[in-house]
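Every number for a ligand or one of its atoms is a count from 1 in the order of the listing. What you see is a predicted model, and the numbers here were worked out from it, not measured in a lab.
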Amino acid sequence: MAGVLLVVGFTLVSCGGDDKDEAKGKVVVVYEDDAIAPKNRHAVEVVRKARVLEQAAEWVNTSLALPHDLAVKVTDKVPPGVEDAVTQPDGRTIYVPPEFLTQVQGIAANVAKTVERPTVFPQDKYNADGLTALSTQFIFGHELGHALQRQLMLANLGLEEDAADGFASFYTVNEVGSAPSLAAALVFDELARKEGRMTLEGLSSDHPVTQARVFNFLCYLEGSDPKKYEGPLVGARYLPKTRAPLCPQAWAMLDQGWWTQLQPHFAAAFKDQGNKNQEDARAHLIAETKAFAERLDKFRSGQ
Ligand SMILES: [Zn+2]
């Protein structure tokens with residue numbers, strides 16, 4: 001499991017020179033039932049019933065104009081060496097291997113058994129199946145982030161893996177709610193424990209260190225609504241007090257960043273709503289930056 005979310009180290013992007021007016025790509029989720037090993041069928045059923053892949057596909061299809069189709073293949077028939085959910089370099093195929101979903105299910109089962117439920121996490125979903133579906137929703141958001149970056153050739157100002165994690169937060173926090181971020185944080189925390197001491201490979205990965213990703217997921221969630229999440233996440237010590245003051249502005253930057261990056265690619269029917277979302281996110285970022293400046297001296301002197 002060393003490379004959960006591992007999406008190859010490729011830096012290749014598609015460079016199609018396609019005319020945006022022809023943009024009519026659709027995201028289609030395909031379960032290749034004949035290519036799903038019997039031992040992996042349970043985890044696939046959990047994800048399929050929760051419709052987490054389909055929901056994300058619908059959001060993209062409604063909101064964005066993609067230049068190419070995007071096939072999401074749930075299949076054990078994957079290219080050589082693929083063990084985790086991956087996005088191909090051209091952003092036109094995402095593989096979600098059932099074997100990987102079974103591994104997530106194993107980690108989720110351990111979380112449900114050994115970790116106390118955060119109070120903000122829905123009780124009826126705090127079990128192996130619920131955690132599997134919700135963390136897969138977040139992980140799939142990460143892969144969609146890669147696919148969008150590559151198909152739309154979005155400008156990256158940092159590592160692609162960071163941006164992919166950012167899209168998972170942006171999409172799930174705005175469109176689904178808190179549960180996918182929380183489930184992913186719990187599952188990655190368990191994974192970090194399994195990984196044990198950091199290795200050279202872990203530290204030099206193009207992905208942020210697993211334990212750091214846990215806090216990034218929680219930080220964006222907390223920052224999206226500090227009034228709601230400060231008690232359950234910071235007060236209950238899931239997110240350290242040293243990080244929390246940075247989170248409202250960090251979320252505001254992420255939210256404004258993604259709406260702005262996606263704006264030239266909004267589907268025609270989504271333009272009014274999308275433009276409004278972008279304007280709101282921009283106003284929110286300006287307000288948060290001002291508020292952050294006002295509390296900065298207090299925060300620095302409390303470090
Ligand atoms: Zn990735």
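A donor atom on one side chain and an acceptor atom on the other are not found under 3.5 Å apart for Glu83 and Gln103.
Using a cut-off of 4.0 Å between Lys/Arg side-chain N and Asp/Glu carboxylate O, Arg193 and Asp189 are scored as salt-bridged.
Among the atoms of Glu161, an N, O or S atom falls under 2.8 Å of the Zn ion (ligand 1). Taking backbone and side-chain atoms together, His207 has no N/O/S atom less than 2.8 Å away from the Zn ion (ligand 1).
The neighbour count for Arg117 CZ, taken as heavy atoms of other residues, nucleotides or ligands under 6.0 Å away, is above 12.
Geometrically, Arg48 engages Tyr31 in a cation-pi contact defined by less than 6.0 Å to the ring centre and at most 45° from the axis.
The Zn ion (ligand 1) lies closest to atom NE2 when only the N/O/S atoms of His142 are considered.
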